[in-house]
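Structure, as structure tokens:
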Protein chains: 2
Amino acid sequence: MKTDKEQNVKELVERIGVAMEMGGLQPAVGRVLGCLMVSDPPYKTFDEIQGYLGISKSAVSNALNGLMSREIVDYMTLPGERKRYFQLVQTGMISQMKTKLARHSAMPELLRAVVQVRSNKYPEFNKNLLEICDFFSFMEKEMLASLDKWEKLKAKKS
Amino acid sequence: MKTDKEQNVKELVERIGVAMEMGGLQPAVGRVLGCLMVSDPPYKTFDEIQGYLGISKSAVSNALNGLMSREIVDYMTLPGERKRYFQLVQTGMISQMKTKLARHSAMPELLRAVVQVRSNKYPEFNKNLLEICDFFSFMEKEMLASLDKWEKLKAKKS
DNA sequence: TTTTTAGTTTTGTTGTTGCAGAACTAAAAG
DNA sequence: CTTTTAGTTCTGCAACAACAAAACTAAAAA
């Protein structure tokens, strides 16, 4: 039966939505993403998204605009048609990861400021703060290196 | 003048609070963390925290309990005293990073499920989905490796 | 026993989020 | 010029989050 598989797909979309929600996106945004992932063909119009998810136009509009501003989604048009076909930007998730990393980058600076403000009556504590600071710097550097590594790996393949 | 420096420290606490807030914690929680970072000595009682931040007891209580359940803060007691001295767990931020990483680990599985559900009419799209999937797996592996590297580096020093 | 201390739990208020529904708009079609 | 299409923006609401204030509790002190 067809409905059976479709049910499965909808549940999958729902699970993607929840996963995205935990990543800081709002529910409807996560579902739109999920919808575009399972969509066959891999693009959908505004109305199709709305119909598939059964949510309001405003929810779809806001979700799509948010996703487009983050460059996770973009759209194309077909010649002679006015409507837009929305689709995932394949590199979007990857650059998303980069921006997420960048958000941690304020910590080392703050921690250094903290240590500068502290007395040196508790050198052990200060040392540990600096170590945490080093840890964050270290991880940021490492992750950027990993991203580089990935990009080179991909470049070779293609 | 003393007040001048204290003002600076309070601003620093506030900035830490904001940084933590962006990391997904609630405002009061971020400030309690900031307070414990700049605290000299590096521990404070419930009342001291409340007094320093000028927030309610319930806010302090909830913040501390949340931080303790995440193992970012713990407390000690002094012999003969009932009150608890709250302090940062130095490894707390680091294990916090680990849990954050773990949250991404559902993605590869979901993406694989998506591809299995899709037709193969759009092999390019499917290939790209699998590539994103690989990317997340790759990054998770890399980060765990980095964490290992850090721990070994630290082990050597001490 | 009562009182104090060190918090916890409950209650209520305020502000914010996330969305639906309806009104609106701009461009194209008729 | 009117109508349709493809969305956007506005209005309003229900649910939830973050917190203050106050009531409560459990253990120790007096």
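Worth knowing before you read on, the calculation uses all heavy atoms, side chains too, and leaves out hydrogens, waters and symmetry mates. Residue numbers begin at 1 in each chain, while the letters A, B, ... track the order of the sequences.
- Of the candidate nucleotides dT8(C), dA6(C), dG7(C), dG7(C) has the atom lying nearest to any side-chain atom of K57(B).
- Rounded to a whole Å, the CZ atom of R84(A) is 12 Å from the C1' atom of dT5(D).
- Among residues two or more places apart in sequence or in another chain, the side-chain hydrogen bond (donor to acceptor under 3.5 Å, both in side chains) test is passed with E11(A) by none.
- Rounded to whole Å, atom P of dA6(C) lies 8 Å from atom CD of E81(B).
- Straight-line distance from the CD1 atom of I49(A) to the P atom of dG7(D): 9 Å, rounded to whole Å.
- Distance CG (N65(B)) to P (dT10(C)): 13 Å, rounded to an integer number of Å.
- You'll find that the side chain of S56(A) is closest to dA20(C), out of dA20(C), dA6(C), dT8(D).
- Taking the side chain of S58(A) as heavy atoms from C-beta on, and the options dG21(C), dG7(C), dA27(D), the nearest nucleotide is dG21(C).
- For the pair K44(A) and Y85(A), the NZ or CZ position fails the cation-pi test of under 6.0 Å to the six-membered ring centre and within 45 degrees of the ring normal.
- As a whole-Å value, the separation of Y75(B) OH from dG7(C) P is 9 Å.
- The D47(B) side chain lies nearest to dA6(C) when the options are dA6(C), dA20(C), dT8(C).
- The side chain of R82(B) sits closest to dT4(C) out of dA20(D), dT4(C), dA18(D).
- Which of dT8(D), dT8(C), dA20(D) sits closest to the side chain of F46(B) comes down to dT8(C).
- In this structure, K100(B) does not pair ionically with E140(B), as no charged nitrogen and carboxylate oxygen lie closer than 4.0 Å.
- Closest contact between the side chain of P27(B) and the listed nucleotides dA6(C), dC19(D), dA20(C) involves dC19(D).
- Distance, N62(B) CG to dA6(C) C1': 15 Å, rounded to whole Å.
- OP1 or OP2 of dT8(D) has at least one side-chain nitrogen or oxygen of S61(A) nearer than 4.0 Å.
- Between E48(A) and F46(A), the closest side-chain pair of non-hydrogen atoms is not below 4.5 Å.
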